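As structure tokens, the structure follows; a few thoughts come after it.
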Amino acid sequence: MTDQPPAESYLGDTQRHVLDDYALDARWSPDGTHLAALPSQGRIVLLAANAEPVTEWSAHRGGNSSLAWHPRDPVLATVGQDAVLRIHSAPFGRNTREIELPAGWCERVAWSPDGRHLAVACGRRVIVIAAESGETLVTFEDHRSTVTDLAWNPTRDDQFTTVCDGGAKIWRLGKKSSCGHFDWGGASLLVTWSPDGRWVVTGDQTPSVHLYDTVRKTPLHIQGFESKVKCFAWFDRGERLATGGGSVITLWPCTGPKGPDGATPIELAGHFGEVLSMEFYPGRPVLASGGADGLVLVWLPLQNSGPALLARSEAEITAVRWNPRDLVMAYTTSAGEVCIGALNTHQTTSASNP
């Protein structure tokens, strides 16, 4: 893509729902039957796969922050600035538990891979809760500033990482202090853990990322992005990492002894504004991206570097999410729109670089 995006859209008939406010995020349930959408302020909405409203929940007082589905079951967790953890279970709309947390700015909630524990970033603390009983199991407090993000090790049920000012720390249930600390001298804002458990990757306050090989115990610093890295996406088991730092997506190899160290990434140029969200379709080298330019693009990065246009909006794209069971895309915008449509696979796979 050079001068302008292709005129034809490869997303079929799109169903649309409008939230009360800016759409922070949306997530599909593990079975792909429901999409939970989270506005910055206002009611949290649960939609069916055809975008029909199922139920809605009142906003967290002070604003919503984060939502996460149980890895297997129809159970949704949400947190907000009221320091309350809500656990919504089927039948939705009639079965919600609330767990009061210590006062603090709650940024993120995440399930452990086995679904037994929830970790909540609340101010400078991370609180780990037994999902079944609601009991607080442990509180990790050794953080220099507000914890901005956390991620569980996908291969372990007792280990997760957090980021704040001072880089990343790795925590293990049963240990009071961190079992790994990667302090690069600045602040990290985002964190992701590769599906194979090898790499912890941070998006930093500066236009850079840090990668930590947890097997070889070695760090790697990649810089030179146009802007702060706002999103990551992993392909399959962690073979490749897509990073969005500016308008160009870079795709890094993460296998072999050195991973991306010394490698030349694949560059995907097609957006005219910052890339704000990305996601690979599970098990397929098909990448969707959404940007500040209002474009939702789809890429086959291992075949060619040109995108196909999925959708165009006058507002920023805040999240792009593949349905885990079908080639159906959901995307959200800064205007509060939640849109769901099916991908035209024949047109997309035959698309060439425009």
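Everything quoted here is computed from the prediction, not taken from an experiment. Residue indices begin at 1 and follow the sequence shown.
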Can you find a heavy atom in the side chain of [X] that is under 4.5 Å from one in the side chain of [Y]?
X	Y	result
Val120	Leu101	yes
Thr96	Trp57	yes
Val147	Arg125	no
Arg240	Pro285	no
Leu251	Leu302	yes
Ile170	Trp193	yes
Val296	Leu11	no
Pro260	Trp199	yes

Quick one: pull up [atom1] in [X] and [atom2] in [Y] and give me the separation to the nearest 0.5 Å.
X	Y	atom1	atom2	answer
Thr55	Phe92	OG1	CZ	9.5 Å
Ser29	Asn323	OG	CG	7.5 Å
His117	Glu135	NE2	CD	9.5 Å
Thr139	Ile129	OG1	CD1	8.5 Å
Arg108	Cys122	CZ	SG	13.0 Å
Asp82	Glu98	CG	CD	7.5 Å

Going by the side-chain hydrogen bond (donor to acceptor under 3.5 Å, both in side chains) test, name the single residue among Asp142, Thr161, Asp183, Thr162 that passes it with Lys169.
Asp142
Electrostatic pair Asp25-Arg321, nearest N-O below 4.0 angstrom:
yes
Taking Asp196 first and then Arg237, would you say they form a salt bridge - that is, a charged N and a carboxylate O separated by under 4.0 Å?
no
So, for [X] and [Y], which heavy atoms are closest and what is the spacing to 0.1 Å?
X	Y	answer
Ile127	Pro102	CD1-CD, 3.2 Å
Lys230	Leu190	O-CD1, 3.3 Å
Arg124	Thr146	CG-N, 3.9 Å
Ala168	Val163	CB-CG1, 3.9 Å
Trp111	Pro71	CB-CD, 3.9 Å
Leu85	Ala77	CD1-CB, 4.1 Å

Do [X] and [Y] share a hydrophobic cluster (ILVMFWY, side-chain heavy atoms under 4.5 Å, transitive)?
X	Y	result
Val328	Val298	no
Trp299	Leu241	no
Leu295	Ile249	yes
Phe232	Leu287	no
Trp234	Trp252	yes

Between Leu220 and Lys258, does the side chain to side chain contact (heavy atoms under 4.5 Å, CB included) criterion hold? Intermediate values first, please.
CA-CA 9 Å; Leu220 176 62; Lys258 293 186 176 181; over 6 Å; no
Looking only at atom types and distance, does a side-chain atom of [X] sit under 3.5 Å from a main-chain N or O of [Y], one as donor and one as acceptor?
X	Y	answer
Ser145	Asp165	yes
Trp28	Pro324	no
Thr148	Leu189	yes
Asp114	Arg116	yes
Ser40	Tyr22	no
Asp204	Thr206	no
Ser277	Val320	yes
Arg16	Ala51	no
Asp213	Thr218	no
His70	Ser89	no

Can you confirm whether the side chains of [X] and [Y] place a donor and an acceptor under 3.5 Å from each other?
X	Y	result
Ser334	Thr318	no
His271	Ser289	yes
Trp184	His221	no
Thr78	His60	yes
Glu226	Ser247	yes

Above 12 or not: heavy atoms from other molecules or residues under 6.0 Å from [atom1] of [X]?
X	atom1	answer
Trp105	CH2	no
Arg43	CZ	no
Asn50	CG	yes
Arg61	CZ	no

Side chain to side chain contact (heavy atoms under 4.5 Å, CB included) between Leu137 and Leu173: does it pass, once the steps are laid out?
CA-CA 9 Å; Leu137 299 179; Leu173 303 185; 5.5 Å; no
Side chain to side chain contact (heavy atoms under 4.5 Å, CB included) evaluation trace for Lys228 with Glu274:
CA-CA 9 Å; Lys228 296 176 188 177; Glu274 282 189 286; 5.5 Å; no
Would Leu118 and Ile87 count as a side chain to side chain contact (heavy atoms under 4.5 Å, CB included) here? Give the steps.
CA-CA 10 Å; Leu118 282 156; Ile87 302 177; 3.7 Å; yes
Report the relative orientation of the aromatic rings in Tyr281 and Trp322; use parallel for angles under 30°, tilted for 30 to 60°, perpendicular for over 60°.
perpendicular
